[in-house]
Amino acid sequence: MGGNTPSRRIRADAERSTARILEAAESVLAEDANASLERIADAAGLARATVHRRFASRTALLDALAEQLSRRYLLGLAEARVETAAPLIALHRLTEIVFDLKLSHRFAVQLSAAITPAVLDGLDLLFARLRDTGAITAVDPAWCRRVYLALLHEVHDLPADSTALASSATGDETEAKVDLLVRTALGALGGSHDATTALSLT
């Protein structure tokens, strides 16, 4: 029996339509957070009825955007190997991944629902490992995570010509922001000089 049955083709078409809607929604809502489902349908090149079939309401669409970004956060935690890699290296790699996601998901990153308990647990594990290896002295991983996320927001919003980025040795804006965030977070959480020196060698 062939694998390309009508039901599978229909399911594949539905998945492609959903992906197009989410991509269009991310783009449109990043420019206008109040944009209607109809505008998103037009941007996706799909009939409005198709969008309404996939997402019965605006809330359902926002939930899907948050869920999609949450999955990518979890993939980022896995890629950074927060459970097994040297904690300083994992922190730097995770920060690179998160900055990339903030660029590609400019609207969804504003949705608090994307930061699920599983994402928080992954971040807390990383900060607990940083504490256990002596890279930081702050003892509460949840507090460390809140400091990191607050700094993430502030550093991400820095203009390219900010003097705060001028001390970075790299000429790349994103890498300069990654470097600034990691070093500032380590310093705020009681990181030692040895830890920041080790980071510069990674």
Side-chain angles (χ1 to χ4, degrees), residues 2-80 82 93-124 126 145-146 148-162 165 172-178 180-181:
N4 194 23
T5 63
S7 62
R8 289 186 178 179
R9 287 197 298 272
I10 291 170
R11 188 163 59 249
D13 287 344
E15 290 173 354
R16 281 193 293 271
S17 294
T18 298
R20 285 172 63 182
I21 294 165
L22 292 176
E23 182 179 357
E26 178 60 53
S27 177
V28 171
L29 292 172
E31 299 301 327
D32 178 5
N34 297 312
S36 64
L37 290 181
E38 287 71 22
R39 276 186 59 191
I40 292 168
D42 292 343
L46 295 169
R48 296 177 184 185
T50 300
V51 175
H52 284 287
R53 230 182 357 259
R54 300 283 179 269
F55 302 102
S57 66
R58 179 185 176 83
T59 298
L61 176 59
L62 297 184
D63 287 346
L65 285 170
E67 181 182 353
Q68 176 179 256
L69 181 55
S70 179
R71 288 197 301 270
R72 291 180 181 173
Y73 280 146
L74 292 173
L75 287 172
L77 289 164
E79 183 181 336
V82 298
R93 180 62 188 130
L94 179 64
T95 304
E96 291 177 331
I97 292 168
V98 171
F99 270 111
D100 285 342
L101 289 174
K102 285 180 78 67
L103 288 174
S104 59
H105 296 75
R106 291 185 300 141
F107 175 76
V109 293
Q110 305 170 57
L111 302 174
S112 59
I115 308 294
T116 61
V119 174
L120 297 179
D121 287 346
L123 288 169
D124 289 354
L126 176 55
R145 176 240 304 162
R146 289 195 291 270
Y148 173 79
L149 292 177
L151 287 169
L152 173 67
H153 174 75
E154 295 300 327
V155 173
H156 178 264
D157 286 348
L158 283 174
D161 60 354
S162 170
L165 301 175
D172 179 82
E173 179 187 344
T174 299
E175 188 57 35
K177 288 183 175 182
V178 169
L180 175 63
L181 173 58

Pairwise distance CG(Leu75) to OG(Ser70) - rounded to 0.5 angstrom: 9.5 Å

message: Could you report the tightest heavy-atom contact between Asp42 and Arg48, atom names first, then the distance?
response: OD2-NH2, 3.2 Å

query: Do you know which two heavy atoms are closest between Ala114 and Ala108, and how far apart they sit?
result: CB-O, 4.4 Å

task: Give the C-alpha distance, both sets of side-chain angles, the deciding distance and a yes or no for side chain to side chain contact (heavy atoms under 4.5 Å, CB included) between Val109 and His156.
output: CA-CA 12 Å; Val109 293; His156 178 264; over 6 Å; no

Min side-chain heavy-atom separation Val98-Lys102 under 4.5 Å: yes

query: Should Glu23 and Arg20 count as an ion pair when the cut-off is N to O under 4.0 Å?
result: no

Between Tyr148 and Thr95, a side-chain donor and acceptor under 3.5 Å: yes

message: Go through it in stages, so that I can follow the logic: the residues are His153 and Leu149, the test is side chain to side chain contact (heavy atoms under 4.5 Å, CB included), and I'd like the CA-CA distance, side-chain angles, deciding distance and then a yes or no.
response: CA-CA 6 Å; His153 174 75; Leu149 292 177; over 6 Å; no

- request: Quickly, which of Leu69, Leu111, Asp100 forms a side chain to side chain contact (heavy atoms under 4.5 Å, CB included) with His105? Name it, please.
  value: Leu69

- prompt: Can you tell if the side chain of Arg106 reaches within under 4.5 Å of the side chain of Leu29, non-hydrogen atoms only?
  reply: no

- prompt: What are the two closest non-hydrogen atoms of Ser57 and Leu37, and how far apart are they?
  reply: C-CD1, 4.1 Å

task: Taking the side chain as every heavy atom from C-beta outward, state whether Ile115 and Leu123 have any pair of such atoms under 4.5 Å apart.
output: no

- prompt: How about Phe107 and Gln110: do any of their side-chain heavy atoms sit closer than 4.5 Å?
  reply: yes

- prompt: Do Val119 and Arg145 have side chains that get closer than 4.5 Å, going by heavy atoms?
  reply: no

field: Minimal non-hydrogen separation, Ala118 against Leu77, with atom names
entry: O-CD1, 4.4 Å

field: Any side-chain heavy-atom pair of Ile40 and Phe55 under 4.5 Å
entry: no

message: Could you tell me if the side chain of Phe99 sits less than 4.5 Å from the side chain of Leu152, heavy atoms only?
response: yes

- line: Nearest heavy-atom contact between Ala160 and Leu165 is O-CD1, 4.0 Å

message: For the CG atom of Leu61 and the CZ atom of Arg54, what is their distance to the nearest 0.5 Å?
response: 13.0 Å

message: Rounded to the nearest 0.5 Å, what separates atom CD in Glu67 from atom OG1 in Thr116?
response: 10.0 Å

- request: Establish, from distance only, whether the side-chain atoms of Ser17 and Thr50 form a donor-acceptor pair under 3.5 Å.
  value: no

task: First locate atom OG of Ser162, then atom NZ of Lys177, and finally report the distance between them rounded to the nearest 0.5 Å.
output: 8.5 Å

- prompt: What are the two closest heavy atoms between Ala66 and Ala113, and how far apart are they?
  reply: CB-CB, 3.9 Å

